[in-house]
Amino acid sequence: MPDSTIPGKPADTSEERVPETAEEMKSLRDIIVGPQKERIDRLEARLDDPSVRTEEISQHLAEALVLRAGRDDQVARALEPTLAEAIKASVQKRPRVLADALFPLMGPGIRKAISATIMGMIQSFNQVLNHSFSWRGLKWRFEALRTRKPFAEVVLLHSLVYQVEQIFLIHNQTGLVLNHVVARAVDIQDPDLVSGMLTAIQDFIQDSFSTGEEAGIDTLRVGNDRSVWVEQGARTTLAAVIRGTPPMDLRRELHDVLYRLELKKSDALEAFGGDTGPFVDLEEDLTACLQFKLKEERTRISPWLWLLLAGLLGLAGWGGLHIYKEHQKWAGFVETLRQTPGIVVTQAQRRGGKIYLSGLKDPQAADPLALLVEAGFDPARTRARWETYYALDPVFVLARIRQALKPPDGVGLDLVDGVLIINGTAPHLWIAHARQLAPLIPGVQAVSTDGLRSAEAHELKTLGRQIEDIFIQFARGTTTLGRDQYPRVERVAELLRKVQALAVRLDRDVRILIVGHTDATGEEDYNRELSYQRAEKVWRILLRMGVGPRHLAVRGMGAAEPLHEESTEENRERNRRVSFRVFPVAD
Amino acid sequence: MIKKKVCMLGAFAVGKTSLVRQFVHSIFSEKYQTTVGVKIDKKTVEREGEPVDLILWDIHGEDAFQTVRTSYLRGAAGILIVVDGTRRATLDTAFDLRQRALETVGAVPVVFVFNKSDLAAEWELDDAAIARVHQEGIATVKTSAKTGSAVAETFEMLVQAMMGNQ
Ligand SMILES: Nc1nc2c(ncn2[C@@H]2O[C@H](COP(=O)(O)OP(=O)(O)O)[C@@H](O)[C@H]2O)c(=O)[nH]1
Ligand SMILES: [Mg+2]
């Protein structure tokens, strides 16, 4: 039996029997594990080769993490430090990626903050304006010169005096007050009513300008130096009534308080059914928001020194004055724009020599660009974006109505509590048009046309009266028309044709009676017959003259309706006649 | 303190504002109602010795031309729907409004208030009509905002229904 070795291994020659054994083992192994050998080899390779192992683990890592995370929080704990490091490194290296990811969440907040800043600036410019001619204003202007700060900034500094007078915690859904705190010595109105109204106004704004997630108010101005800051949370709203100009930080503080309170009372809010008991203990948190800042003490300077310095200012301040005047011009324009009825300014900004304006504008409002030109700014360097809205100011509603209805002369329009009252006389078609259109005009809640007359109906009445004033005379005992009666019949025919045309236009029925009469002499039966024939005669002539047969009816009244007492032959003659009656049939 | 939001609904000129005026403490002028569309008033009533604040939302001008903003109904704990007894059509409006209100706020107590009882001679709605409303399971009451007849009772009735509902 020749020597043999296990392939790939050096033959062992020190022990004679081993090769035999090895040989036997090998054949034995081949017999037993031959089919599995390949698998075992692969398993060995897998355990030895890290790259294969990584490949393996990667296939099940996610499932494994899920499985473990469901059991305890070890995975999170293990990963946390690494993740924190990773995020830090990533932000340092490529800040944009994170910013892009977060922007949709933070964008609205940032926009709000920016607009708040702009509002703040405008407010301070207002104050610049207010104070520019006062003694105090002069003082401040000097201070600006002394400290080399822009005048507006000085004014702003002086304005940073405020007091939070009241805090409302309002339940969003019902508008009910959950809690309310007041700073001492402040006059207040019933908080429940104020809160309800505030909620209603919020709703109103949301419904009217529904601009999506961001709708609603966050600042309301009350009078000259009071504002209401509104912070809206998921279930509650915090409203702060503030006198003066609070720092913007306060906004964030209110936000934080609201967030904390909602968290603290989340169960009570969930279950809220009108009982404010569970919210009584929030008083302390809310009272903490009643902050204030006192005006700084200032040293007095002699008026003489002031005079001297004012003189200096006159000499030295031209450059500053120019800039200040620019500011003032701009602030004046923005204020004018804000005061212009039918315009709501949401953005008014000067950046890089350009003017950016946006907001809401009623189609009837004055043209902002015209105001801009008037104020001395260049419309070519202006970007303006105005969304249309409908102001509910009665003046606007009326202007809108005029524009939409184009009332003819003789029509009066009046708006009382949202009810449009239309008076006067107007063409039939216009009335129909106005009745349909008026209720659709924004700001019109109802329409009253009780005092409105149709011009055609009026004309119809006038024509009727004219016709009824005409009598056709007859020779005694005949159906022969008296002398010179034809022109009268012609006149009647002409008027009747007008009546008929009007009736058609109005889609209205008219009845015209042609009534024959006799004098009182003669038999009653005879007279009745004669009077009828007289009427019929006129009827026939009228038809020949082009009057349509529709609407016409013939009657004989005999002597029953004398026009005059028959004391003279002349009066008797007058009673021998045909008269007319025109009845407009109401529609 | 228990507070409840209550909404006044009903066709134009049925007497919503007059009923509220008879009953409440106001600080806002009724001008607000036309501009913002709603006016808030408050009345504290007593129930079982406990004060209950009713915050009344009086909604402006409801008729065929205008729709009630659903946001105003939101969170209402009770609703008074006012009908003008001298105008039959206002009852149809009332049923419409009730339907819409229930769709918005769910099953809150509703009372149909038949107002202007002082004008008995001009009434277009007889007792049988009111009884039919009652048969539909709706609470009804006859009031006059002019004389004040049954006004306080109406609000008490609603409070009863709202608190019983809790
Ligand atoms: N006679 C009488 N008139 C009433 C009564 N209630 C309201 N009115 C009158 O009805 C009109 C409309 O009332 P108002 O309260 O403004 O109705 P609203 O539109 O539902 O708010 C007013 O002229 C009131 O004076 C009432 O009980 N009796
Ligand atoms: Mg009203």
Side-chain angles (χ1 to χ4, degrees), chain A residues 170-180 188-208 210 215-216 235 271-280 391-394 396-397 415-420 436 438-448, chain B residues 1-7 11-13 17 24-44 47 50-78 104-105 108 159 162-163 165-166:
Chain A
I170 301 168
H171 184 242
N172 283 350
Q173 199 182 25
T174 56
L176 298 174
V177 180
L178 298 174
N179 202 328
H180 170 247
I188 59 157
Q189 298 282 20
D190 188 324
D192 285 317
L193 297 185
V194 172
S195 154
M197 213 59 200
L198 195 60
T199 308
I201 291 171
Q202 287 267 35
D203 288 344
F204 173 70
I205 298 225
Q206 212 135 30
D207 291 345
S208 311
S210 58
R235 290 218 180 83
F272 181 67
D275 184 3
T276 57
F279 305 96
V280 171
L392 290 181
D393 207 311
F396 275 91
V397 179
L415 193 68
V416 179
D417 290 345
V419 180
L420 171 62
Q436 263 187 353
L440 305 177
I441 300 170
V444 174
Q445 273 128 30
V447 180
S448 157
Chain B
M1 179 60 93
I2 304 289
K3 300 179 185 186
K4 297 284 180 189
K5 172 172 171 177
V6 170
C7 286
F12 191 65
T17 304
V24 299
H25 157 60
S26 283
I27 59 171
F28 294 104
S29 125
E30 271 155 32
K31 196 182 80 207
Y32 285 87
Q33 219 162 319
T34 35
T35 46
V36 181
V38 70
K39 186 163 87 80
I40 316 291
D41 292 298
K42 173 170 147 180
K43 174 79 176 186
T44 306
R47 185 174 178 272
E50 292 286 324
V52 176
D53 280 351
L54 297 184
I55 312 298
L56 301 170
W57 288 50
D58 179 10
I59 290 161
H60 173 72
E62 160 61 19
D63 57 18
F65 301 122
Q66 228 204 351
T67 51
V68 173
R69 291 175 213 279
T70 48
S71 57
Y72 292 163
L73 290 167
R74 221 177 42 203
T104 310
V105 291
V108 302
V159 172
M162 285 190 303
M163 306 293 283
N165 214 29
Q166 263 196 340

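Below, read A as the first sequence line, B as the second, and so on, with proteins coming before strands; counting in each chain starts at 1. None of the values given here were measured: they were computed from a predicted structure. Atoms considered below: every heavy atom in the structure, side chains included; atoms not considered: hydrogens, waters and symmetry mates.
- We find the CD1-OG distance between B/I40 and A/S195 to be 8.5 Å, quoted to the nearest 0.5 Å.
- For the atom pair A/T276 OG1 and B/D53 CG, the distance stands at 8.0 Å (nearest 0.5 Å).
- Within the model, atoms OG1 of A/T199 and OH of B/Y72 stand 11.0 Å from one another, a figure rounded to the nearest 0.5 Å.
- Looking at B/K4, B/K5, B/K42 one by one, the single match for salt bridge (charged side-chain N to carboxylate O under 4.0 Å, His left out) with A/D192 turns out to be B/K42.
- In summary, of the residues considered (A/T174, A/D275, A/V177, A/L178), a side chain to side chain contact (heavy atoms under 4.5 Å, CB included) with B/K3 occurs for A/V177 alone.
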